[in-house]
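Letters go in sequence order (proteins before strands), and every chain restarts at 1. As the structure is a prediction and not an experimental result, all values here were calculated from the model.
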There are 2 protein chains.
Amino acid sequence: MSGNESRFEQNSEGAGYLPGLAMDFVIFGFDQDQLKILLLEYRNTNLFALPGGFVKENENLNDAARRVLGERTGLADIYLDQFYTFGDLSRYDQEPLRTIMQAKGMDPKDDHWLLRRFVSVGYYALIDFRRAAPTPDPLSDNCVWYTLENLPALMLDHNDIVKKALETLRANLDRKLGGNESWAAPLLAKAFTMGELQKLYETILGQKLRRSGFQRKMLGLDILERLEKQYSGGAHKAPYLYQFIIDK
Amino acid sequence: MSGNESRFEQNSEGAGYLPGLAMDFVIFGFDQDQLKILLLEYRNTNLFALPGGFVKENENLNDAARRVLGERTGLADIYLDQFYTFGDLSRYDQEPLRTIMQAKGMDPKDDHWLLRRFVSVGYYALIDFRRAAPTPDPLSDNCVWYTLENLPALMLDHNDIVKKALETLRANLDRKLGGNESWAAPLLAKAFTMGELQKLYETILGQKLRRSGFQRKMLGLDILERLEKQYSGGAHKAPYLYQFIIDK
DNA sequence: GCAAAAGTGTTCGTGGTACACCCATGC
DNA sequence: GCATGGGTGTACCACGAACACTTTTGC
């Protein structure tokens, strides 16, 4: 984490950041065939929130998103998609954040920049659970994984944001699988079996898929290259390995 | 137009609006089977821009969009969709807007709020050409229709915004046709023929569709109710009229 | 041989394409 | 009658669903 941003809560003016504009992230990860997202926990408050961040004055919006995502996960080269911008007045509720800041020993005035109204750009990301190093931001005490089924109540409209992110992600699965910005590539080894790819799909969609249909559909997309077989030592036919075709 | 917003350019602080946040609108209209969009013209500058606006401090983002859209077109109850938020630094170019303001006899300082960096939420709208009353905003001299094929070069990244709006619109046509928020309903009479609906599709997609296939596809969606025939006086079979089924 | 997982084949229904045909209407 | 546009029928193909069958592997 850069020293530049590590103490933004002390900066009562929010200098260096675009005012009133935030980003919220729904960061999906995979662990044992479960879909999880990263939440920030705040001690002594019973509050939970999506990881978020702000945009620097000299920074592209989407670059800011990648920067903050790197700060929370330790990862670069993440699949990231902007999906909606949330700007209801109902987001504007000073209570939760004031509670959080007070639990941190701060006593913010009503016009502290963090307590002002924010419009927030929503992003979702897909990351490799094993490679991630979840890191809380300066205001939070913990950054941990929660399964979607066991999500606690989140601050403000963050539950709605998660819902919309998941809808968008599921709707875009097929359309953004291939090419040079595949969502799946960073989540799999360079070479993978069809079964592994199918598991990924099933985890995201939250439902089982038919094996034969899945295989044919994937092969029909012309985005996979078949490699040698993988002898894993299992008592069964060795599956082929595949890799995404990179077209320049 | 409300007196409240009619002179926002005089307000050198932009008081009452969320700072740094704008909206840009791609307003599609239909005229003689052509797809057009509304552009603002600025006299003596050779500059063109999408209609835009700002969000009041006590206003939901999406409500602000409806308000501004009403100001530019005179219409309420418009089909409106938020599609992307543009936040590149390359948007931050004082030149065009300063030129515009100077052409208006203003001499804005470098830190005039309108010359600061804006992140802009993109919306597209579909409106009934015949009912619209295009109205320029306080800084522009004209608000007129341009066909997509004859678009001039627009300010900043506005050409990209149009491109993305059109892509999104076309991708969503089928998905958002029916229901209580149909994009097509406000563009057609209460009862319409299949041919009229097909023309609408063809205009938006920019390509001809097959008549028989279109009819069956539409009827198969179970969103149309067949009414009586329409005797238009033409020397041919009278077409049925249809209306969208409203399901409460 | 047997269980387990992988790959492929077959059948079926659906939905789109392409084309054809008939129907209604006003001149 | 005839041109014009509207509605429907039919043949075909692509694709997904569902199921079956075969292949490969380690025990």
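- In this structure, Asp222(B) atom CG and dG15(C) atom C1' are separated by 14 Å, rounded to whole Å.
- Comparing dG16(C), dG7(C), dG6(D) against the side chain of Arg226(A) picks out dG7(C) as the nearest.
- Across the protein-nucleic acid pair, Phe214(A) atom CZ and dA5(C) atom P stand 17 Å apart, rounded to whole Å.
- Rounding to whole angstrom units, CE of residue Met218(A) and C1' of dG7(C) are separated by 16 Å.
- The 12-atom threshold is exceeded at CZ of Arg226(A), counting heavy atoms of other residues, nucleotides or ligands nearer than 6.0 Å.
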> Checking side-chain contact (heavy atoms from CB on, under 4.5 Å) for the pair Leu69(A)/Phe25(A): CA distance, chi angles, key distance, verdict?
Replying inline: CA-CA 8 Å; Leu69(A) 204 52; Phe25(A) 298 92; 4.1 Å; yes
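- One atom, CG of Leu209(B), and another, P of dG16(C), lie 12 Å apart when rounded to the nearest Å.
- Residue contacts shown for Ser212(A) include a base, since a base heavy atom lies under 4.0 Å away.
- Atom CD in Gln207(A) sits roughly 14 Å away from atom C1' in dG16(D) (whole-Å rounding).
- No side-chain donor-acceptor contact under 3.5 Å links Asn142(B) and Tyr42(B).
- Looking at Arg216(B), its side chain has no donor and acceptor atom pair within 3.5 Å of the base of dG7(D).
- Spacing between atom CD of Glu228(A) and atom C1' of dA6(C) amounts to 16 Å, rounded to whole angstrom units.
- At the phosphate of dA18(D), OP1 or OP2 sits under 4.0 Å from a side-chain N or O atom of Arg210(A).
- Around the CD atom of Glu181(B), the shell of radius 6.0 Å holds no more than 12 heavy atoms that belong to other residues, nucleotides or ligands.
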> Could you go step by step and tell me if Val55(B) and Leu21(B) meet the side-chain contact (heavy atoms from CB on, under 4.5 Å) rule?
Replying inline: CA-CA 7 Å; Val55(B) 186; Leu21(B) 188 69; 4.1 Å; yes
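- Residue Asn150(A) qualifies as enclosed at atom CG: its count of foreign heavy atoms under 6.0 Å is above 12.
- With the nearest nucleotide of DNA chain C identified for both Tyr242(A) and Gly213(B), Tyr242(A) has the one nearer the 5' end.
- One atom, CD of Gln215(A), and another, C1' of dG16(D), lie 15 Å apart when rounded to the nearest Å.
- Remark: C1' of dG6(D) and CZ of Phe192(B) are 16 Å apart, rounded to the nearest angstrom.
- Remark: the Arg211(A) side chain and the dA5(C) base include no donor-acceptor N/O pair separated by less than 3.5 Å.
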Which pairs, protein N/O on one side and nucleotides 25-27 of chain D N/O on the other, fall under 3.5 Å?
residue, atom, partner, partner atom, Å
dT25(D), OP1, Tyr231(A), OH, 2.6
dT25(D), O4', His236(A), O, 3.0
dT25(D), O2, Ala235(A), O, 2.9
dT25(D), O2, His236(A), N, 2.8

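- Within a 6.0 Å radius of NZ in Lys176(B), other residues, nucleotides and ligands contribute more than 12 heavy atoms.
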